[in-house]
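Here is the structure we will look at, set down as structure tokens.
Computed from heavy atoms alone, side chains included, the values below leave out hydrogens, waters and symmetry copies. Reminder, nothing fancy here: chain letters follow the sequence lines and each chain counts from 1.
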2 protein chains.
Amino acid sequence: MTELTSAPLTAEQLVSQLELAIHEHRLAPGTKLGEDEIASIYSVSRTTVRSALQALSLQRLVEHKRNRGAYVAQPSLREAREVFEARALLEPRTAFSAAERTTEEDIAKLQVHIDAEHEAMAVGNHGRALYLSGQFHIEIARIADQTTIETFIKQLISRSSLIVALYWQRRTAMCESHAHDALVSALADQDGPRADELMRNHLLDLVTSLDLRNKTSAPLSLKDALGQ
Amino acid sequence: MTELTSAPLTAEQLVSQLELAIHEHRLAPGTKLGEDEIASIYSVSRTTVRSALQALSLQRLVEHKRNRGAYVAQPSLREAREVFEARALLEPRTAFSAAERTTEEDIAKLQVHIDAEHEAMAVGNHGRALYLSGQFHIEIARIADQTTIETFIKQLISRSSLIVALYWQRRTAMCESHAHDALVSALADQDGPRADELMRNHLLDLVTSLDLRNKTSAPLSLKDALGQ
DNA sequence: GTTTTCAATATTGTGTACAATTTTGCGCAC
DNA sequence: GTGCGCAAAATTGTACACAATATTGAAAAC
């Protein structure tokens, strides 16, 4: 389903593949990304892999340790807070702008998105649900027609996915997408101020659903802590 | 002055060199960045050059055209507007946060910065003055202690430099750094709201000093338009 | 039995060589 | 004289081979 041709993946496609895997929590934070390993899995040369890993490194999705290799990033508590502070600065206002120029096609698209989210949740595919949940936020930035800000938000969403993997409190209950429903409603009404407010609260809810107290610096397990 | 050792530059250092050259307008938008050319100039391998160019490409400082090479980016009018909209979302609030935690050392540092700006202006080194002017904004983000947002602002400042190169109206008069003086004052008083307001107005002044009307899509000269 | 040192192995970092694509210049036809 | 087409040159994209560094395991000393 992911690929039809047998043509070797380009670096850009490889970035997408790895990005998606990280998004959907198939690759956990701290996982080592060996160059030869990835090269053989995707049947590409190490040159391609290195290019892809550099791109992901600049996006802060992987951490590069000199002469030791690339690892899926493990955002610190501080980084986690910063990511959500940045989102708080960008997303509400972007939702505001989006509301003012939302078309009917946009609403339809968002509705499809939300349905897919619910579907993934129903099937129990939490990784997929989380990915789609992120795409929803990106879609709003797209509607706002601000590609520069959209790029930033994309990056923040990616990193948020890592943060969720590390600091999520409730393992069972996933994020209620009622917030997303309400946002779509505000966008459909072209109600900027309401969209702004809803997005602000949504982000606040997200942060409070995380465990961002600095008990220890421990990320996941003892093995991970020593694994560095 | 730029280097003492004869050790070959690392990719990261090369990025800094090229970044600085673009910042200071020694490399104009649209300039072709041939891989072999750069490799011979800095006595590094093409591998290093390619790595550096990829990094700059992801920062939107250079545009990569498949099988045609890398060029110093030429932000479109639309892109230019977007960059300043993003700055308007990030920088005022960041100045606010910075004001609340500014120390005396920070003030001293900023003052040195401003003095250097004036000095560069006095000598007529406009490129240098522009670079330092950008660094001032980055310094404020640093004071705010928000590395994630700082990274975004760095990128926006870089791109602003390209935008100034393309769309600056008054060729003679450079940006009056009185705005920067006022900001330092607000920071020294730890007056968040005033810093926010001053930054907001400063950015507004910057935008209005640019020529962002969409007369044609022409960037600089006819030659450039054809040069693609 | 524990610790330290050293060699063997594995992995990343870097440079070079080849392949693919595009551009350019010349020649021929109209 | 102008326009088209093909071949040669140049430049980027990709793969491979070697060098540098870090990790691992075993052997020896305490």
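Between the side chains of A/T147 and B/E82, a donor-acceptor pair is found at a separation under 3.5 Å. Side-chain atoms of B/E63 and B/Q74 form no donor-acceptor pair, as typed in the model, at a separation below 3.5 Å.
Shown for residues 46-57 of chain A: residues whose heavy atoms fall under 4.0 angstrom of DNA chain C, namely A/R46, A/R50.
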Kindly determine whether A/F152 and A/L89 satisfy side chain to side chain contact (heavy atoms under 4.5 Å, CB included), including the steps that lead there.
CA-CA 11 Å; A/F152 289 154; A/L89 251 54; over 6 Å; no
Criterion side chain to side chain contact (heavy atoms under 4.5 Å, CB included) on B/H180 and B/S133, from CA distance to verdict
CA-CA 9 Å; B/H180 288 188; B/S133 162; 3.6 Å; yes
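Judged as a side chain to side chain donor-acceptor pair (under 3.5 Å), and not counting sequence neighbours, B/R101 has no contacts. For A/E24, the salt bridge (charged side-chain N to carboxylate O under 4.0 Å, His left out) test picks out A/R26, A/R128, with sequence neighbours left out.
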What donor-acceptor contacts under 3.5 angstrom involve side-chain atoms of residues 50-57 of chain A, with partners at least two apart or in another chain?
unit_1: A/R50; atom_1: NH1; unit_2: A/E35; atom_2: OE1; d: 3.4
unit_1: A/R50; atom_1: NH1; unit_2: A/E35; atom_2: OE2; d: 2.8
unit_1: A/S51; atom_1: OG; unit_2: B/Q54; atom_2: NE2; d: 3.4
unit_1: A/Q54; atom_1: NE2; unit_2: B/S51; atom_2: O; d: 3.2
unit_1: A/Q54; atom_1: NE2; unit_2: B/S51; atom_2: OG; d: 3.3

Using a cutoff of under 3.5 Å, can you pull out all pairs of nitrogen or oxygen atoms linking the protein to nucleotides 9-11 of chain C, with atom names and distances?
none

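The CD atom of B/Q13 sits 11 Å away from the P atom of C/dT14 (whole-angstrom rounding). Following rounding to the nearest Å, A/L9 (CG) and D/dA15 (C1') show an atom-to-atom distance of 16 Å. Counting to the nearest Å, the C1' atom of C/dT12 and the CD atom of A/E37 are 14 Å from each other. Between B/H64 atom NE2 and D/dT11 atom P there is a gap of 15 Å when expressed in whole angstrom units. Whole-Å rounding puts the B/K65 NZ to C/dT23 P distance at 10 Å.
The six-membered or imidazole ring of B/H126 lies away from that of B/H25, with a centre-to-centre distance of 6.0 Å or more.
Distance alone, capped at 3.5 Å, places no donor-acceptor pair between the B/T10 side chain and the B/Q13 backbone.
Rounded to 10 degrees, the angle between the two end axes of the helix from C/dG1-D/dC30 to C/dC30-D/dG1 is 0°, with five pairs used at each end.
Using a cutoff of 4.0 Å between basic side-chain nitrogens and carboxylate oxygens, B/E150 and B/K154 are scored as salt-bridged. We find that A/E37 and A/K32 are not joined by a salt bridge, their nearest charged nitrogen and carboxylate oxygen being 4.0 Å or further apart.
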